[in-house]
Amino acid sequence: MTSFVGRGSEVAEARRLLARTRLLTLTGMGGLGKTRLALRIAAEVRNSFRYSDTAPARQRTLHAAIDGSYELCTPSERRLWAHLSVFSGGFDLEAAEEVCAHDGLSPGELLDVVTGLVDKSIVTREEHHGQVRAARARRHGEGREMPLPASPNV
């Protein structure tokens, strides 16, 4: 690696900022050496970031965090989360109504349950071409409860 001549103040500023926060983003035009600067800073401050085994168990792994989120959901939110696992991408309320038609939720109740999942960051709200759609990570809802009851219409 070449030297960081003239970058000492930038390194010092980044270290000062990292003392106050755990995340730092370097921005600027391409070709200025942001990646090299970030690697240099990361190497210098590596030992100040330690794994803490005092964190609650629900925060130690992604799987535990998802399970913790699932446990915070109401029974209706859990059922809807499982139903929405059929979507590999986004969905809108009409599509959610279709997959949940046999669950006994009225459109108003469905909107309330979807809103609960949005509030818990299970479902994210997105807009595509002026139309609101919701999307979520599919894997999170899979296998979280017993199989759904068969639809009486099938």
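Hydrogens, waters and symmetry mates play no part in the numbers below; they use all other heavy atoms, side chains included. Just so it is clear, the structure is predicted and the values come from calculations on it, not from any experiment.
- Taken to the nearest 0.5 Å, the OG1 atom of Thr25 stands 12.0 Å off from the NZ atom of Lys34.
- Sorted by first then second residue, the salt bridge (charged side-chain N to carboxylate O under 4.0 Å, His left out) pairs that include residues 9-19, not counting sequence neighbours, are Arg7-Glu10, Glu13-Arg16, Arg15-Glu44.
- Taken from CG in Leu17 to CG in Leu26, the straight-line distance is 9.5 Å, to the nearest 0.5 Å.
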- Message: The test is side chain to side chain contact (heavy atoms under 4.5 Å, CB included); show your working for Lys120 and Ser69 and say whether it passes.
- Response: CA-CA 7 Å; Lys120 291 176 176 73; Ser69 295; over 6 Å; no
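- Listed here is the closest heavy atom pair of Glu77 and Leu117: CB-CD2, 3.7 Å.
- In this structure, the side chains of Val123 and Phe91 come closer than 4.5 Å at one or more pairs of heavy atoms.
- Between atom SG of residue Cys100 and atom CG of residue Leu110 there is a gap of 5.5 Å, rounded to the nearest 0.5 Å.
- The structure places CG of Leu72 at 8.5 Å from CZ of Arg78, a figure rounded to the nearest 0.5 Å.
- Nearest approach of Ser76 to Val113, heavy atoms of both residues: O-CG1, 3.7 Å.
- With rounding to the nearest 0.5 Å, the separation of CD in Glu98 from CD in Glu94 is 6.5 Å.
- Thr74 contributes atom OG1, which lies 8.0 Å from atom CZ of Arg79 (distance to the nearest 0.5 angstrom).
- A continuous path of ILVMFWY side-chain contacts below 4.5 Å connects Leu93 to Ile122, so both sit in one hydrophobic cluster.
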